[in-house]
Student: 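The structure's right below; bear with me while I get my questions together.
Here the structure is a predicted model, which means the values were calculated and not measured.
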Amino acid sequence: MDREKIVIIGSGLAGLALAEMFPDSILIEVKRQPGGLFSKDNCPVSGNIGSEMINKLLYGKKVEIETAAYRLDSEGVWVINRNGSKKINGKVILATGFRERTSVELGIYGYRPAGIFPFTAAWDLVNMGYLLGEKVVIYGYNHYSLSLASKLSKLCDKIYIVYSRESLVHSLDEALSLGVDLIQGRIKWVEGRDRISLVKTDSEEIKTDALIIAEFAPWNQLGAEFLAGNAGMILESPLKVVESSMLLAELLKTGGNMERIRGNVPVLPKFVSERFRKVMLGVGTGIRVTVGGHVIITEEPYQVVEIPPGKPIVEVA
Amino acid sequence: MGKSFYTDFDPFLYMNRYDVIIIGAGITGLMTAYKLAHHDLKIIVVEANPEPGWGVSKGHAAVVHVVQLPFSSKKSKMAREGNKMMEDICRELGVRLERTSTLIVATKIHHLLALPFMALYLRLNLGRDFPVKLRGRRYLRHEEPNLTERALGAIEIYGYGVVDSFDLIYALYEFSAANGAEFLFGERVIDVEIGNDEIKVKTDKDRLLTSNFLVNAGGLWADEIAGLTGDEITFELGKGVILVFDRRQTKRLISPAYLKPDPKTKGGAIMFTVEGRGLWGPNLRTAKNKEDVTVEEEDIKALTDKFGPLLKEDLGISIKAYAGIRPIPPENDFRITYSSRSRRIVHILGTESPAYTASPAIAEKVVSMLASSGLRLVPKKKVFPREPFPRIRDNPEGGKGEIVCLCSMVTEEEIREAVRRGSKTLQGVMFRTGAGMGICQGGRCMAEIVRIIAEELGTDVEEVTLRGGNTWIVRK
């Protein structure tokens with residue numbers, strides 16, 4: 001059994017970046033095309049464009065497409081494709097991206113009509129060339145919703161972004177310059193028997209024919225130990241996705257005893273060892289964070305910090 | 001009532017002459033069709049929705065019940081009869097049915113003290129078919145590790161089940177269709193005329209059907225169908241919300257102990273599906289109207305307050321909440337009755353919970369009522385089985401295919417097969433395959449599913465709807 005082999009689930013940005021660091025790894029992709037959602041993302045974050053980074057990283061990579069990972073065990077991962085199922089032994093890293101938060105989590109009540117799209121479904125349909133509606137409400141302001149809004153801005157009569165938290169990497173002006181209406185608040189109610197007709201926020205009513213849910217949560221679908229990219233922590237910047245994968249790769253290469261990082265601040269990787277203690281913090285600029293007992297104030301979104309020796313705890317100060 | 005919707009002679013009319021017309025393709029209508037399809041009969045089922053099981057049945061929580069109070073009621077007796085019949089039906093149709101038990105859990109000392117009396121009462125009424133046991137703390141810790149530490153004791157009632165409820169609906173439909181039953185979907189019955197030797201039915205698509213017998217299995221709309229035959233019933237509309245979780249939380253069904261059970265409250269339970277998802281509910285409230293399938297904040301709060309304290313912390317993530325509406329007749333019991341105008345018409349009224357469990361017994365009763373009114377039941381020489389619908393998730397190591405839905409592990413071939421079996425909508429494919437029902441809420445698979453549906457139907461993606469009518473998904 002080859003204990004050292006790295007098996008990466010998901011050939012999006014995080015998975016491709018990892019594969020770059022582990023040339024002998026196996027890269028599994030469930031879709032027909034590798035590249036994940038960043039392959040269609042043309043919205044720059046401080047000059048970096050996701051689709052361009054995907055194209056560069058894809059060069060020379062071997063990806064097992066149309067192959068789904070469906071179960072983990074202590075030795076590796078079970079995958080299935082048109083030829084059958086098989087077990088791949090090795091160290092499994094899940095780079096399968098985020099999920100959308102559910103209506104129950106978000107506190108959205110009312111009817112369940114047609115025209116409500118989880119972001120990823122909307123993203124796919126728009127990239128296939130379809131229109132989702134004339135007056136579109138996007139719930140959540142972040143890199144992904146802005147990138148989708150920029151695609152929709154030429155196609156829809158009206159785009160609203162309802163948000164309760166601001167993006168860590170994009171200013172509100174960037175949405176305004178696309179002609180998007182920004183509404184601060186939370187969506188509470190959906191109206192419409194057949195097609196969605198109205199959403200109510202805590203302060204406004206918006207007539208609409210499509211609602212896109214762009215509030216995200218990390219998604220460890222198979223219960224893996226090692227997580228990369230949005231599967232482990234929501235990251236709004238393609239460059240930072242790559243950087244977080246680099247940190248995980250360095251950690252795994254350096255080795256040592258892995259200790260899980262605790263605390264209420266999202267971090268990547270999820271572990272430190274006695275030999276490698278760098279992690280990326282999933283917070284924006286100017287946040288007071290206690291890192292292993294030391295208080296720091298972040299100077300940029302997704303800052304990388306070194307956790308001092310001792311218990312690896314990262315908490316909001 | 002329209003008086004002259006048929007003319008003196010209409011050749012079309014005679015072509016459409018049936019032994020039995022069944023109005024409604026929910027669980028009771030389908031179960032009746034299934035029973036009748038074993039006999040040499042010409043039958044047709046008329047359903048207003050685009051697919052079977054989209055009315056009251058859709059809100060069903062997939063539990064095969066045992067205890068329904070009061071024990072003297074028709075629904076209580078028929079649920080226990082139906083429970084016993086369900087196993088053979090599921091086996092014949094290849095539908096998953098997992099047997100389980102229910103724990104009625106006491107977390108307060110005065111509830112604990114009452115458990116022996118409740119157990120005795122249950123034993124006296126349930127008899128040997130459904131054993132009842134008293135359970136102590138140690139048993140609960142060992143058998144149900146996710147149950148709260150505050151659980152002091154419980155009554156365990158055996159004989160419950162969890163059924164793949166949509167698969168049963170579709171299996172009954174497929175079996176009946178394979179054995180000659182005709183189905184009309186997307187047509188609402190708007191008039192019924194009772195002649196001397198035939199019954200005439202008109203649909204909103206101007207179709208005329210005639211038959212010797214008529215079964216009203218209209219579910220939530222059975223009151224209006226009864227009105228068309230000159231009979232009267234008024235339903236109270238009860239709304240129940242069910243909360244769906246991404247994982248199964250318990251091995252058994254869990255229900256809190258009450259000292260004074262209210263027959264009108266469904267009580268609800270912590271449940272699970274054969275797919276391994278957790279369910280909480282339902283609650284019971286008054287619906288504003290038959291289309292009031294809204295979920296409100298107070299529904300979620302009621303369910304969370306009731307069931308949350310029964311479990312430990314790790315509850316899983318709630319995927320969604322949905323509402324179902326139950327037709328409750330004044331006597332709060334099933335009413336299975338001949339029409340006051342003709343004994344060739346049978347009404348199935350008040351098909352609220354536990355009608356799903358009781359449906360085999362209801363169908364048997366309906367068939368026997370039709371027989372005593374003169375319907376000739378000649379068993380078919382050969383009955384065709386339901387075509388098995390293999391699912392990759394049941395045996396992934398032995399299967400192959402491209403996975404479209406990761407959460408529920410559904411292949412492209414399963415999506416195509418669902419369309420070939422008659423699902424033309426996204427919702428139909430989701431119900432039939434389980435695709436898009438997981439924690440990603442269809443985020444990962446919705447685009448691919450509608451593309452496959454369109455390809456299989458030979459139409460454009462923008463023609464595919466969520467559930468028919470004006471429920472369009474995308475435009476070009």
Student: Sort Tyr130(A) into side chain, backbone, both or neither according to what part of it lies under 4.5 angstrom from a heavy atom of chain B.
Tutor: both
Student: Is it the side chain or the backbone of Ile473(B) that comes within 4.5 Å of chain A heavy atoms, both, or neither?
Tutor: both
Student: Side chain, backbone, both or neither: which part of Arg467(B) has a heavy atom under 4.5 Å from chain A?
Tutor: side chain
Student: Side chain from CB out, backbone as N, CA, C, O: work out which of these in Ala122(A) comes under 4.5 Å of a heavy atom of chain B, or both, or neither.
Tutor: neither
Student: For Leu37(A), is it the side chain, the backbone, both or neither that has a heavy atom under 4.5 Å from a heavy atom of chain B?
Tutor: neither
Student: Which atoms of Trp123(A) are under 4.5 Å from chain B, going by heavy atoms: the side chain, the backbone, both sets, or neither?
Tutor: neither
Student: Less than 4.5 Å apart, side chain to side chain, heavy atoms only: is that true for Tyr109(A) and Ile300(B)?
Tutor: yes
Student: If you round to the nearest 0.5 Å, how far is CG of Leu132(A) from CZ of Arg475(B)?
Tutor: 11.0 Å
Student: At a heavy-atom separation under 4.5 Å, does Glu100(A) approach chain B through its side chain, its backbone, both, or neither?
Tutor: both
Student: Could you tell me if the side chain of Ile403(B) sits less than 4.5 Å from the side chain of Tyr70(A), heavy atoms only?
Tutor: no
Student: For a 4.5 angstrom cut-off between non-hydrogen side-chain atoms, does Ile317(B) reach Glu105(A)?
Tutor: yes
Student: What part of Leu426(B) gets closer than 4.5 Å to chain A, counting heavy atoms only: side chain, backbone, both or neither?
Tutor: neither
Student: Side chain, backbone, both or neither: which part of Glu448(B) has a non-hydrogen atom closer than 4.5 Å to chain A?
Tutor: side chain
Student: Using non-hydrogen atoms and a 4.5 Å limit, figure out which bit of Arg71(A) sits close to chain B: side chain, backbone, both or neither.
Tutor: side chain
Student: Identify which part of Val404(B) has an atom lying under 4.5 Å from any heavy atom of chain A, answering side chain, backbone, both or neither.
Tutor: neither
Student: NZ of Lys87(A): more than 12 outside heavy atoms within 6.0 angstrom?
Tutor: yes
Student: If you count heavy atoms of other groups shown closer than 6.0 angstrom to NZ of Lys424(B), is the number above 12?
Tutor: no
Student: Does the pair Glu412(B)/Arg82(A) count as a salt bridge with the N-to-O cut at 4.0 Å?
Tutor: no
Student: Would a distance-only check, ignoring hydrogens and angles, find a side-chain to backbone donor-acceptor pair under 3.5 Å from Arg444(B) to Thr120(A)?
Tutor: no
Student: Could you tell me which portion of Cys407(B) (side chain, backbone, both or neither) has an atom closer than 4.5 angstrom to a non-hydrogen atom of chain A?
Tutor: both
